[in-house]
Every structure is written in C-alpha cells, then in structure tokens.
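Step one of this worksheet: look at the structure below.
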Amino acid sequence: MMSGLMFFFYDLETFGRDRFRLRQAEFAYCVTDSSLKPVEGMSGSIYCAMPPDLLPDPESVMVTGITPREAAEKGFCESEYVRRIISVFPESDVCFTGYNNVKFDDECMRALFYRNFEDPYLMSSYFRNYSRLDILPLVRSCHALYPETFRCAVKEDGVPSFRLTELTSLNDLNHDHAHEALSDVMATISVAGLIRERRPQFWDLFFRMRSRQEFSAEADRLIALRRPAFAVSTSFPGENAYSALVLPLMKINLSGAEKVACLNLSSDPGRLLNHPDPKSFSMHREFDEASGRCSGTSLQDFNIVLFNENRCECLFDLSLLSPGRAAELRLDMDESERNAAVYLKEIAKAKLAVRVLSEKDAADNAQDGRKRSPEECLYDGFISREDKGLEKYFHSLERKDPRAMLDVVFGDERLNRMVKHYFARNLEEHLTPEERERWHEYCRRHIRAESGAYLARIKELEEKHAGDSEKLALLRELRTLAECQ
C-alpha cells in the first residue's frame, strides 16, 4: 500500500433513488490516512438545493429528514455544490470509499458531474491515481469466508443482513445518528477498521483487487487454473451468504470494461448441456459465429455471472475457503470439481455463446440510453477530448460572461441539449424577464403533471404514519410544495 495514499470516505443523502432524475441533498466526507485514521480538518458536509422543476421522493425525505427548504437554506445551487465537492478532493493518490458506493453513490456522482459539465469519471481518474473501494462487498465476502470476524444480523428466512446500522449496533461501533451522512461516513470507517484490524491479510487482498491491473492479472491466473473458484455476489442465493463455486471461463470486453465470465457450478451440467429447451446450453453449439445472432436468450440461461473490473467484485482463489466453511454454506467442493470437468469439454462453445450475448447486451444498453432525456444519457458514449476542453471554457464563461455560455456549441448533441436547463437552474439571475417567465412556466407545468399522483402518495403516507408527528410534519411540507405550483 502506498505510503502517501489517502482514503476519501463519503456518503450521500438524496431526494430519491433514481440517480438521474432525482437529486442529491447532502454530500458528507472524511479523509483518512492509509491506516484509516481521520485527517484533521478534512471532513464536513455540503448541501444542495432542490431544482424548482422536480419534486422530492416522500419516502426518501422521511428517511433522511432533509426537506427541500432545509437543503436550500443550508446549501447551494447544483453547479456551486459540484464546485465545492471537487474543491475538497485531494489532488492525487486517493481511494474514494463508501458503503454500497459502487452501485449507488458513485453512480449518483457520475450523473451529477455529467449534467454539470464536469468529467463523470473524475473519481476514478487514472492520471490523478484515483481509485475506489466499496466496504459493503468487503463485509459480504469477509462474512462468507470468515464469519467469526464480526457479528452479523440474520433475517427470518436465514439470509444475512448487512445494513450499516445493524453492523454498528451488533459490533459496538459508534453510529449515533443513522441516515445522517457524516455519521454514516464515520460508521463506515469504523466497520472498515474492524475488518482491517481482525483480518489484515484479507483486507490487503480485497484492497489490491480494486486495481484493474491486479484484478485482470488474478482473473488470468484463475482462468488458467481451469478449476473452481470461490465467488461472492448478490446473483447467488442469500441463504448461502451470497456465495457460490464458479468456473472462470474467459475475459470479455463489454461497453469498454473488462469482465470475467464465470459458470455457476452448482447447476447440473447434464441438464444445461442436454435439455431440449431451445434456450439451453446445447442449442448454442449451432450458432453461426459470422452472423453473431442469438435471439431470445440471456446470460442467465447459461447460469453465467459476469465479474467486473474496478467494481470491487469478489472472485477468489478456492484456497481461501476452508472445508468447514464450505460445508456450512452447503457448497459441495467435490461436485464442483466434477461439474467443472464436464464444462471444460465444452469451453469453445461457451466462449462463443458468451461473446454473442455480451455484444447483444451492449447493444440493448445503448438502445435504452437513447430513449432517455439528455441528462440521462451518460452511458450513450464518452465525451470527446474536444468537448472536454469546451466544458472548461464553458465554466470559465460562468465567471466572466455568463450569457455567452448560451452560445457555446458542443460536438456532442447531448451537451447542447443540456445547456439551457443548466443555465436556468444555476444562473436564473442572468435570464431575461421573458426567459425567466418561460422557465417558471416550464417548472410549474412539469410539477403540475406529477402533482396528482404525488399528492395521492403523500395522503397514503400520512395515513400510514398517522401516529408519527415528525414524519407528518415532513409530509405536510412536501404537500405544500406540490400544491403551491
């Protein structure tokens, strides 16, 4: 581990779960050194005002307790919010870390940066030696391999629960104000520190695997072994601690990212290879490699799970799994070896099937993106180098000549379509009277279109939480916000 490396722990409170449509309310952070000790003066919270053309999700507001009024009083318009966040990022050698950040917080940050004409991938910048780590899959995989490391809650159906509040409570870790962003950040640091202290070798292994180069090298090694590996993923049953024995088959490139295709060895290979169902594995022996056609199928038909580089995916050498723990997880190591031997005979056909399905999957993803509004089209393609340069010029005008921003023409049509909304939301004082009226009318029309269903939902929640005065007060404030348009 690099001596100069710092961890940037962060957490978001949001006005909804949809990372594109709904907005952030608060960004909290704490920078630590490589031993997870907080650095003095490098922590805090930044609030973001809700834009006037959107309504917050009522359930999210009840969880966080942050209303649009409070966020506006404490915070900034979104463009200034973004600038302040970027200003607290260390210049280099930082690992951005959170709890379930890879699947949620990081995605929210990419969408935030994208619609505010910043680099969506800033927090994984190779040039700054930025990387990322997710403590939730670390907790999940540590429990699967070494359940004695910490106490874990178990649901009624026997599935382990990894809620941050339960982990801190069961393991006597400080977490005074759950769902307050800075409190959640400090709790995440505590959980990470507990695992680092009790399982230092596993911590180091998981930390190294955050690197694309390390993950790729380990994937090559596991594929070359031609034998089972141990994997942890929410694709697998929760009652098995989300773990399974898999056969790493090959690496593929999908949407610009490297993935490892693995076969779940818990399934009977005879059923998959010989089943008469046209979606079964055996039918794919006939696929034409030249045409690349594979209609009506999915990766799940092959029991294939993809493990991604740079996403803290949990794919490990089988030597880490003790026979006793395998028995507890109901994973039959002997059966997996036999199944692997059968599948290896079909490896060439498996490669063809995975390749075709991956290409189809990529095409479907691109098609989904084109149907969305410009602010939701982040994954339609990377921003060109020329447009990145124009984005810097665009922001320089914001300080010198804001009206000139409206004349900037990007090569990417997505960015051109976002300019007017960005200007109206963040620089309303520079709109002409006519533009301001059109913007206000747009906001009113947009909210009125949703207010009927929105007010009906608030009424349901008021009836559900009739005895909770705090939640009722929050709902009344949201009702007023929707009715005033």
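For this chain, numbers begin at 1 and follow the sequence in order.
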Please determine whether a side-chain nitrogen of the Lys or Arg among K388 and E391 lies less than 4.0 Å from a carboxylate oxygen of the Asp or Glu.
no
Looking only at heavy atoms, the pair that brings F230 and L245 closest together is CD1-CD2, 4.1 Å
Sidechain-backbone polar pair: D387 side chain, L390 backbone, donor-acceptor under 3.5 Å: no
Between K155 and D157, is the closest basic N to carboxylate O distance under 4.0 Å? no
> If you draw the axis of the six-membered ring of Y126, does the NZ or CZ of R128 fall within 45° of it and under 6.0 Å from the ring centre?
Replying inline: no
I'd like to know whether the aromatic ring centres of Y114 and Y121 sit less than 6.0 Å apart in this structure. no
| said: So that I can tick it off, tell me whether R444 and D53 are bridged by a salt bridge, with the cut-off set at under 4.0 angstrom between side-chain N and carboxylate O. | reply: no
Minimal heavy-atom distance between F15 and L22, with the atoms involved, is O-CD1, 3.6 Å
Counting only heavy atoms from other residues, nucleotides and ligands, does the tally under 6.0 Å from CD of Q201 exceed 12? no
Ion pair present between E309 and R212, side-chain N to carboxylate O less than 4.0 angstrom? yes
On the six-membered ring of F76, is R84 placed so that its NZ or CZ lies under 6.0 angstrom from the centre and within 45° of the ring axis?
yes
A144 and R325 have their tightest heavy-atom pair at O-NE, 2.7 Å
Task: Ionic contact status for E218 with R208, cut-off 4.0 Å - done: no
Determine, step by step, whether E118 and R83 satisfy the salt bridge (Lys or Arg N to Asp or Glu O under 4.0 Å) criterion, reporting the C-alpha distance in whole Å, the side-chain angles of both residues, the deciding distance to 0.1 Å, and the verdict.
CA-CA 9 Å; E118 299 285 355; R83 281 191 287 271; over 6 Å; no
E376/R115 ion pair, N-O < 4.0 Å
no
### Query
Is it true that the NZ or CZ of R17 lies under 6.0 Å from the centre of F104's six-membered ring and within 45 degrees of the ring axis?
yes
Exercise for review: Check whether NZ of the Lys or CZ of the Arg R132 lies under 6.0 Å from the centre of the six-membered ring of F96 and within 45 degrees of that ring's axis.
Suggested key: no
Taking everything shown except K420 itself, do over 12 heavy atoms lie less than 6.0 Å from its NZ? no
* **Pair E460 + K464: basic N to acidic O under 4.0 Å** => no
_Residues E375 and R425 bridged, charged N to O under 4.0 Å_ = yes
Neighbour count above 12 (heavy atom, 6.0 Å) for E40 CD: no
Report the C-alpha separation of R151 and E166 in whole Å, then their side-chain angles, then the decisive distance to 0.1 Å, and conclude whether the salt bridge (Lys or Arg N to Asp or Glu O under 4.0 Å) test is met.
CA-CA 9 Å; R151 290 188 290 274; E166 293 172 338; over 6 Å; no
Checklist entry - Ion pair present between E435 and R403, side-chain N to carboxylate O less than 4.0 angstrom? => result yes
Would you say the side chain of V246 lies within less than 4.5 Å of the side chain of F236, judging by non-hydrogen atoms? yes
The single option from F8, F7, Y10, F89 that satisfies ring-ring contact (aromatic ring centres under 6.0 Å, His included) with Y29 is F8
Q. Where do E313 and K103 land on the salt bridge (Lys or Arg N to Asp or Glu O under 4.0 Å) test, with the steps shown first?
A. CA-CA 11 Å; E313 299 281 9; K103 290 188 176 180; over 6 Å; no
For R417 and E413, run salt bridge (Lys or Arg N to Asp or Glu O under 4.0 Å): C-alpha distance rounded to whole Å, both residues' side-chain angles, the deciding distance at 0.1 Å, then the answer. CA-CA 6 Å; R417 293 170 63 194; E413 192 56 33; 5.6 Å; no
From the list R199, R198, H143, side-chain hydrogen bond (donor to acceptor under 3.5 Å, both in side chains) with T149 holds only for R199
Scanning both residues in full, the closest heavy-atom pair of A153 with L170 reads N-CD1, 3.3 Å
Partner of R23 under side-chain contact (heavy atoms from CB on, under 4.5 Å), picked from C48, P68, P51, is P51
ring-ring contact (aromatic ring centres under 6.0 Å, His included) with F410: of Y393, F117, Y422, only one passes, and it is F117
Check: Mind checking whether Y242 and F162 have parallel, tilted or perpendicular rings, split at 30° and 60°?
Finding: tilted
Is the shortest side-chain N to carboxylate O distance from E441 to R436 below 4.0 Å? no
Heavy-atom closest pair (V139 atom, F150 atom, distance to 0.1 Å) is O-CZ, 3.5 Å
